[in-house]
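Since the structure comes first, as structure tokens, the remarks are kept for the end.
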Amino acid sequence: MALYVHKYGGTSVADPERIETVAKKIITAKSHGDDIVVVVSAMSGETNRLTDLAHTIQASPNSRELDVLLSTGEQVTIALLCMALEKHGQPAQPYTGSQVRIITDSSHCKARIIEIETKRILSDLKQGKVAVVAGFQGVNEAGEITTLGRGGSDTTAVALAAALKATECRIFTDVNGVYTTDPRVEPKARKLSHITFEEMLEMASLGSKVLQIRSVEFAGKYNVPLRVLSTFTEGEGTLITTEETTVEQALISGIAFNRDEAQLTAKGVPDRPGIAAKILGPIADANIEVDMIVQNTAEDNTTDFTFTVHRNDCIKALEVLESTCNELGARQASSDDSIVKVSLVGVGMRSHAGIAARMFRELAKENINIRMISTSEIKVSVVIDEKYLELAVRSLHQAFDLEATPEHAPVYC
Ligand code: ASP
Ligand code: MG
């Protein structure tokens, strides 16, 4: 007998009707003879509503109190789903995070799971019950309620699957899988039947927001097979697993992009030891995260230094950079927030040379100027002008043969 953890996100439990649909799905899964543990999110919009409510009382509420408030969203859903299951004849047991004993550290609003007790859930399963667990929440050693950060129910599901040694963790959501790229940018995007943890991490951290990044890291670390699939349409979804277990590896799995970055440049910086630290130190001190960094080779004892930060940090980063440039006697500091980062992702790159060159050739054909480049073992990223995003994604998608065959065409819900 297999054990599956199912996770249903906010849109899947958005109203009583959808909760009943979910209950029926669970009952069907159970009728195949498997054990099912369910993790649910708050009903869609609820966590935002509760956050707004807190802010009507206090501009920056204490995170401990905020956790007490936000965790109620998921508590509502476990109760309603258990009622729906029981109404349809399926015994069920609701659990808040603290009732399971999902023990976390004490970093309220962004807690990390330390340990999960499985005794009570396993005994429910033995009695033929479905255990329904509130996602996104836990309890610290002192007995205080904690939450895991926005989107944290995915992490609850994966952590439970790891603790219960589940066959698979199934994330039911409002899309039917992970796509080669965003179908809103390239309508010919294809649903992937499988992708590796590593590739998914790259895709997720670059803005394809199907799963909380931390849940993918967790699944990779504990080797929990993860499947993303739709609550509303039938299908196999996308299986996320290790490289070794995937049968046939495509060269490129997908194209990710990130519209949230801005580029900063310091021109004519004196070229001497310690300059990179002098430029980036104050940026880090201002709590600004840096993504890509490029330093040119020096000419006339000066060099140019370019880096990217989150777009929201652009103005602050420029202020910091201007003052560093003055101090160092650099020629000029400037910023540009009309850029995007486009990345090709694929573990197949490890064994194939020339992917980057091919990517650059395709962009050149479209007359797209590349402003920055960075590479890793499984990724090539370029920074280009924002206005070329669609053109770049579509031409790369076609050049690398990622297009959909009819059976893999996107399904919109
Ligand atoms: N309800 C939480 C949120 O909206 C957790 C989750 O849905 O995963 O972020
Ligand atoms: Mg959610």
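Just follow the structure's listing: the first ligand is 1, and inside any ligand the first atom is 1. Throughout, residue positions are numbered sequentially from 1 according to the sequence presented.
- The shortest separation from a heavy atom of Gly73 to ligand 1 is not under 4.0 Å, leaving the residue out of contact.
- For ligand 1, the polar-atom distance check against Lys7 finds no nitrogen or oxygen pair separated by under 3.5 Å.
- Residue-to-ligand polar distances keep Asp154 apart from ligand 1: every N/O pair is separated by 3.5 Å or more.
- Taking all heavy atoms of Ser153, Ser215, Ala134 into account, the minimum distance to atom 6 (C) of ligand 1 is reached by Ser153.
- The salt bridge (charged side-chain N to carboxylate O under 4.0 Å, His left out) pairs that include a residue from residues 280-290 number zero, where partners must be two or more places apart or lie in different chains.
- Counting atoms of ligand 1 from 1 in the listed order, those under 4.0 Å from a heavy atom of Glu74 are 1 (N), 2 (C), 5 (C).
- Considering backbone and side-chain atoms alike, Gly151 places an N or O below 3.5 Å from some N or O of ligand 1.
- A distance-only check finds no donor-acceptor pair linking the side chain of Thr72 to the backbone of Gln75 [under 3.5 Å].
- For the pair Thr146 (side chain) and His108 (backbone), a donor-acceptor distance under 3.5 Å is absent.
- With hydrogens and angles disregarded, no donor-acceptor distance shorter than 3.5 Å links the side chain of Glu186 to the backbone of Glu390.
- Within the structure, the salt bridge (charged side-chain N to carboxylate O under 4.0 Å, His left out) test picks out the following pairs touching residues 152-164 (sequence neighbours left out): Lys7-Asp154.
- Residue contacts with ligand 1: Gln212 is excluded, as none of its non-hydrogen atoms falls under 4.0 Å.
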